[in-house]
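Keep in mind it's a predicted model, so treat the numbers as computed, not measured.
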Amino acid sequence: MLTGVVIAVLAGCQSRPTDRGQQYKDGHLNQPLALVNEPNANGKPVNAGDFTHQISQIQSASPSLYYRNSDTFQAIRNWVQAGGDTRELSRFGLNAWQMEGVDNFGNVQFTGYYTPVVQARHYRQGEFRYPLYAMPRAARNHRLPDRAAIYSGALSDNLAIAWTNSLMDNFMMEVQGSGYVDFGDGSPLTFFGYAGKNGHAYRSIGKVLIDRGEVPKEEMSMQAIRQWAERHSEAEVRGLLEQNPSFVFFKPMASMPVKGASAVPLVAKASVASDRSLIPAGTTLLAEVPLLDNQGKFTGQYEMRLMVALDVGGAIKGQHFDIYQGIGPEAGHAAGYYNHYGRVWVLRNAQAQSGMLFSANAGEALSPQSN
């Protein structure tokens with residue numbers, strides 16, 4: 001009987017997925033955030049410099065946000081300077097609250113987002129025939145056209161603020177919510193910020209491809225969508241994109257740092273988008289992040305990172321974070337593959353009440369994002 005129990009337990013463990021970085025070191029967790037004496041993790045944060053830079057950006061751009069979290073920020077600085085040993089957090093006045101993850105075994109979902117750089121021209125010419133639009137004025141009680149209608153010319157060319165050479169690049173820029181545009185004339189990159197949506201519901205084209213059986217669910221990523229597009233005709237790509245009726249508009253702005261919903265410049269891999277009902281702005285995370293190879297496969301290794309919740313996203317709910325990867329193609333390559341799992345501990349000053357994890361600003365109105 002004992003042998004049978006052991007075999008059953010081992011079989012249960014073996015049936016748990018690990019291909020995307022899942023771990024089961026901490027057993028079953030039964031609350032969203034659980035106070036632990038110390039994280040059951042090895043190593044120290046690899047990005048102490050970037051984290052310090054991110055904190056400086058918060059202090060400069062949002063003094064009120066910095067002030068609400070300054071005790072925690074300073075305690076973490078002191079802890080990192082002393083070596084960043086996870087066994088010594090309490091010595092620096094820090095409590096660690098472990099997140100239960102999406103499966104109650106501590107596996108928190110990580111995805112990635114980035115700021116694209118797209119090639120464009122000021123006017124339609126040659127291969128540059130795909131418009132990026134400014135926000136149109138909608139007549140009262142009249143909805144803006146959906147994506148299919150817009151692709152068919154429902155909007156005036158007078159609203160076009162740039163013409164790119166890739167319909168898919170335009171779509172990916174919409175998904176990220178902003179991007180830089182290179183007009184190819186030697187001028188500085190122009191930042192195109194989020195200006196609004198057409199008001200139609202968002203539908204995932206990744207799910208469309210999964211439902212069609214064209215991309216396996218376990219292989220779905222932004223890179224998989226791009227690879228699908230490269231193998232299909234322009235008409236087929238357009239047909240896929242039209243399955244998502246939602247459409248994003250942009251506004252050109254002077255060159256500026258990329259900011260999240262907290263109006264703070266984002267530092268790559270030191271900031272995340274979170275669900276504010278669970279993780280308020282300014283919350284510091286100690287995250288065990290899975291490392292991927294160049295093909296997006298989990299290497300079996302992890303690294304510890306300190307990151308701050310500074311952004312939001314429509315698809316970011318519950319035990320899920322979107323890690324900001326930076327600007328340009330390399331960042332896009334990394335972001336495109338991320339749909340993996342790691343363990344996360346929320347760090348707070350030990351003097352703070354547990355209820356302060358859910359601060360008063362958790363439900364405040366935020367500028368819309370499209371991560």
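- Surrounding CD of Q74 are more than 12 heavy atoms belonging to other residues, nucleotides or ligands, all under 6.0 Å away.
- In this structure, the side chain of S204 engages the main chain of K207 through a donor-acceptor pair within 3.5 Å.
- Here the shortest heavy-atom pairing between I279 and T283 reads CG2-CB, 3.7 Å.
- Exactly one residue among V308, L266, L285 makes a side-chain contact (heavy atoms from CB on, under 4.5 Å) with S271. That residue is L266.
- Side-chain atoms of Y133 and N170, non-hydrogen and from C-beta on, never get closer than 4.5 Å to each other.
- Looking only at atom types and distance, the side chain of S221 has no donor-acceptor partner in the side chain of N339 under 3.5 Å away.
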(request) Please test F73 against Y66 for ring-ring contact (aromatic ring centres under 6.0 Å, His included), starting from the C-alpha separation and ending with a verdict. (result) CA-CA 8 Å; F73 292 155; Y66 177 83; 5.8 Å; yes
(message) Checking R343 against D26 for the salt bridge (Lys or Arg N to Asp or Glu O under 4.0 Å) test, could you report, in this order, the C-alpha distance in whole Å, the side-chain angles of both residues, the deciding distance, and whether it holds?
(response) CA-CA 10 Å; R343 297 185 298 163; D26 305 299; 2.7 Å; yes
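- A continuous path of hydrophobic side-chain contacts links L286 to F92 [ILVMFWY only; heavy atoms under 4.5 Å].
- Checked by atom type and distance alone, the side chain of Q319 pairs as donor or acceptor with a backbone atom of G101 at under 3.5 Å.
- In this structure, the separation between OG on S246 and NE2 on H200 is 8.5 Å, given to the nearest 0.5 Å.
- Between Q176 and V248, the closest side-chain pair of non-hydrogen atoms is not below 4.5 Å.
- The two atoms that bring P265 and Q57 nearest to each other are CG-OE1, 3.4 Å, heavy atoms only.
- Formation of a donor-acceptor pair under 3.5 Å by the N107 side chain with backbone atoms of Q23 is found in this model.
- Between the side chains of Y113 and D311, at least one donor N or O lies within less than 3.5 Å of an accepting N or O.
- Here the side chain of N198 pairs a donor or acceptor atom with the backbone of P145 at under 3.5 angstrom.
- Atom CG of D293 sits in a crowded spot, with more than 12 heavy atoms from other residues, nucleotides or ligands closer than 6.0 Å.
- No side-chain heavy atom of V346 sits under 4.5 Å from any side-chain heavy atom of Q98.
- The hydrophobic cluster containing I210 also contains F171, counting ILVMFWY residues as joined when their side-chain heavy atoms lie under 4.5 angstrom apart, directly or transitively.
- For the pair E236 and R238, the salt-bridge criterion is not met [side-chain N within less than 4.0 Å of a carboxylate O].
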(request) Apply the test side-chain contact (heavy atoms from CB on, under 4.5 Å) to residues D185 and H122: give CA-CA distance (whole Å), side-chain angles for both, the deciding distance (0.1 Å), then the verdict. (result) CA-CA 10 Å; D185 56 5; H122 291 286; 3.8 Å; yes
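- To the nearest 0.5 Å, atom CG of residue N349 and atom CD1 of residue I76 are 9.5 Å apart.
- Between F298 and L291 the shortest side-chain heavy-atom distance does not fall below 4.5 Å.
- Under a 3.5 Å cut-off, the side chain of R305 and the backbone N or O of P45 do not form any donor-acceptor pair.
- The main-chain N or O of Q59 is never found under 3.5 Å from a side-chain atom of Y67 such that the two would form a donor-acceptor pair.
- The closest side-chain donor-acceptor pair between R147 and S152, if any, does not fall under 3.5 angstrom.
- Inspection of the D275 and S277 side chains reveals an N or O donor paired with an N or O acceptor under 3.5 Å.
- Listed for the D146 side chain is a donor-acceptor partner under 3.5 Å among the backbone atoms of A149.
- Closest approach of R143 and G199 over heavy atoms only: NH2-O, 3.2 Å.
- A 4.5 Å side-chain heavy-atom check between T111 and H320 finds at least one atom pair inside the cut-off.
- Within 6.0 Å of NZ on K217 lie no more than 12 heavy atoms contributed by other residues, nucleotides or ligands.
- When the shell of 6.0 Å around CD of E214 is examined, it contains more than 12 heavy atoms from other residues, nucleotides or ligands.
- The closest side-chain heavy-atom distance from M173 to L132 is below 4.5 Å.
- L209 and M168 fall within the same hydrophobic cluster, where Ile, Leu, Val, Met, Phe, Trp and Tyr residues are linked whenever their side-chain heavy atoms come under 4.5 Å apart, directly or through other members.
- Inter-residue side-chain proximity for I58 and L310 is flagged as met; some heavy-atom pair is nearer than 4.5 Å.
- Considering NZ of K44 and CH2 of W79, their distance stands at 10.0 Å, rounded to 0.5 Å.
- Taking the six-membered ring where the residue is Trp, H232 and W228 present parallel rings, their angle staying beneath 30° rather than reaching 60°.
- In N42, the CG atom is not crowded: 12 or fewer heavy atoms of neighbouring residues, nucleotides or ligands sit closer than 6.0 Å.
- Between Y180 and F191, the gap from one ring centroid to the other is short of 6.0 Å.
- Residue F249 holds its CZ atom at 5.5 Å from CE of M135, rounded to the nearest 0.5 Å.
- Using cut-offs of 30° and 60° on the angle between ring planes, the pair F250 and F192 is tilted.
- Atom CZ of residue R129 and atom CZ of residue R124 lie 9.5 Å apart, to the nearest 0.5 angstrom.
- Considering all non-hydrogen atoms of both residues, L94 and A75 come closest at CD2-CB, 3.7 Å.
- The two residues D322 and G112 come nearest to each other via the heavy atoms OD1-N, 3.1 Å.
- How far NZ of K297 is from CG of N294: 13.0 Å, rounded to the nearest 0.5 Å.
- Looking at every heavy atom in both residues, P39 comes nearest to L89 through CD-CD1, 3.6 Å.
- Between Y151 and F247, the angle of the ring planes goes over 60°, which puts this pair in the perpendicular group of the 30/60° scheme.
- Of the possible polar contacts, one joining the N244 side chain to the R203 backbone as a donor-acceptor pair under 3.5 Å is found.
- In this structure, Q54 contributes its side chain and V267 its backbone to a donor-acceptor pair below 3.5 Å.
- Inter-residue side-chain proximity for L65 and S262 is flagged as met; some heavy-atom pair is nearer than 4.5 Å.
- If you chain together hydrophobic residues whose side chains sit under 4.5 Å apart, Y324 and V264 fall into the same group.
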(request) Before giving the answer on side-chain contact (heavy atoms from CB on, under 4.5 Å), spell out for Y202 and K197 the whole-Å C-alpha distance, their side-chain angles and the decisive distance to 0.1 Å. (result) CA-CA 10 Å; Y202 179 89; K197 294 182 179 181; 5.6 Å; no
(request) Might you work through the salt bridge (Lys or Arg N to Asp or Glu O under 4.0 Å) test for R226 and D169, ending with a clear yes or no? (result) CA-CA 9 Å; R226 281 193 177 276; D169 281 354; 3.0 Å; yes
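- Between Y24 and F105, the ring planes are perpendicular. Angles over 60° get that label, and only those under 30° would be called parallel.
- I225 and L167 end up in the same hydrophobic cluster when Ile, Leu, Val, Met, Phe, Trp and Tyr side chains are linked at under 4.5 Å.
- Remark: the backbone N or O of F183 is not paired with any side-chain donor or acceptor of S187 at under 3.5 angstrom.
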(request) Walk me through it: do M222 and Y338 pass the test side-chain contact (heavy atoms from CB on, under 4.5 Å)? (result) CA-CA 9 Å; M222 286 192 292; Y338 249 107; over 6 Å; no
(request) Show your working on side-chain contact (heavy atoms from CB on, under 4.5 Å) between Y341 and V108 and close with a plain yes or no. (result) CA-CA 5 Å; Y341 299 86; V108 177; over 6 Å; no
